[in-house]
Amino acid sequence: MRKKIVAGNWKMNGDLNESISLFKALESRKDEFPSDVEVMVAPSYLYLHELANRDNSGIKVIAQNCADNENGAFTGEVSATMLKSIGIESCIVGHSERRHIYGESLRDIAEKVMILINQNMQIIFCVGEQLSDRKSDSHFDVISDQLQSILSLAPSAFDNIIVAYEPVWAIGTGETASPEQAQEMHAFIRLKLKEAYGNQANLSSILYGGSVKPSNAVELFSQKDVDGGLVGGASLNTNDFIEIIKAAG
Ligand code: PGA
């Protein structure tokens, strides 16, 4: 179902107390969330169990990453099964920091997608070009390549996919894609999904990410193919994050 979604990616920020406080502050203001917007946060693995198991928080707790293997001798990794066993139903895959800082390949990312699909988990699948790709006018090709991992799933599995378009040059830089640039790429992504899945693609949520803030959220989210946002820095500030959530409603 094409839903409006605002997801906060906390990345590697906050200790246990700070994470609980941030979550509680958000939870205490859940009445301000527009009823048609699904709110998600992705804290560190360490705090998922604590935060995912609070009753009626109105906030879906999701993972930032998972292993590209099901189980076994992979020191330091966390599997999709482990996440599922503590009540986590959704996971971000292919974030640009995973692709570019940790060298995750298209193949690694495709493995994660398959593992999560086999667990019947929801995936927030991130794609995004680098500045050099945009400058050389190859941004559509890059996004098209990155999308390949989700373009040949069974239609029933595709229901569990949310796409997030996050231009790398706009992440954590203060630089945002213009609403027109965002819309243009979201429409392209929807077209690719349609070629693979037909009209079912009209029901997929496509989120924008990259320096979303209260001052630009309304304009970005009002674009035809932008269904909400994946928010990094601004999700660590309760007031800012709530303003962004309201902007999606
Ligand atoms: P940002 O991060 O909002 O801090 O740019 C977005 C993201 O990485 O998901």
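Each residue takes its place number in the sequence, starting with 1. Remember, it's 1-based here, ligands and their atoms both numbered in the order they're listed.
Distances below 4.0 Å separate heavy atoms of N9 from the following atoms of ligand 1: 9 (O). Against a heavy-atom cut-off of under 4.0 Å, H95 is close to the following atoms of ligand 1: 7 (C), 8 (O), 9 (O). Counting the atoms of ligand 1 from 1 in the order shown, those under 4.0 Å from a heavy atom of G210 are 5 (O). Near G233, meaning under 4.0 Å from any of its heavy atoms, are these atoms of ligand 1: 1 (P), 3 (O), 4 (O). Near S211, meaning under 4.0 Å from one of its heavy atoms, ligand 1 places the atoms 1 (P), 3 (O), 5 (O). Heavy-atom proximity to G172, at under 4.0 Å, picks out these atoms of ligand 1: 1 (P), 4 (O), 5 (O).
For atom 6 (C) of ligand 1, the closest heavy atom belonging to the protein is G232 N, 3.5 Å.
A donor-acceptor pair under 3.5 Å is absent between the side-chain atoms of S205 and the main chain of I162, judged by distance alone. Side chain of Q146 to backbone of G128: a donor-acceptor contact under 3.5 angstrom is found. Judged by distance alone, the side chain of Y45 and the main-chain N or O of L83 form no donor-acceptor pair under 3.5 Å. Within the 3.5 Å criterion, the main-chain N or O of T176 finds no donor-acceptor partner in the side chain of S211.
Ring geometry, Y208 versus H186: the interplanar angle falls from 30° to 60°, so the pair is classed tilted.
Both I150 and Y165 belong to a single network of hydrophobic side chains, linked directly or stepwise wherever heavy atoms of I, L, V, M, F, W or Y lie under 4.5 Å apart. Residues V127 and V231 share a single hydrophobic cluster, defined by chaining ILVMFWY side chains whose heavy atoms lie under 4.5 Å apart.
Of the N or O atoms in G209, none lie within a sub-3.5 Å distance of an N or O in ligand 1. Considering both main-chain and side-chain atoms, E166 comes within under 3.5 Å of ligand 1 through a nitrogen or oxygen pair. Any N or O atom pair closer than 3.5 Å counts here, and I171 shares no such pair with ligand 1.
Contacts between A170 and ligand 1 below 4.0 angstrom, taking non-hydrogen atoms only, involve the backbone exclusively.
Judged by the shortest distance from any of its heavy atoms, A234 lies outside the 4.0 Å radius around the atoms of ligand 1.
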Using the side-chain contact (heavy atoms from CB on, under 4.5 Å) rule, take D133 and W169 through it: C-alpha gap first, then chi angles, then the decisive distance, then the call.
CA-CA 10 Å; D133 303 322; W169 47 272; over 6 Å; no
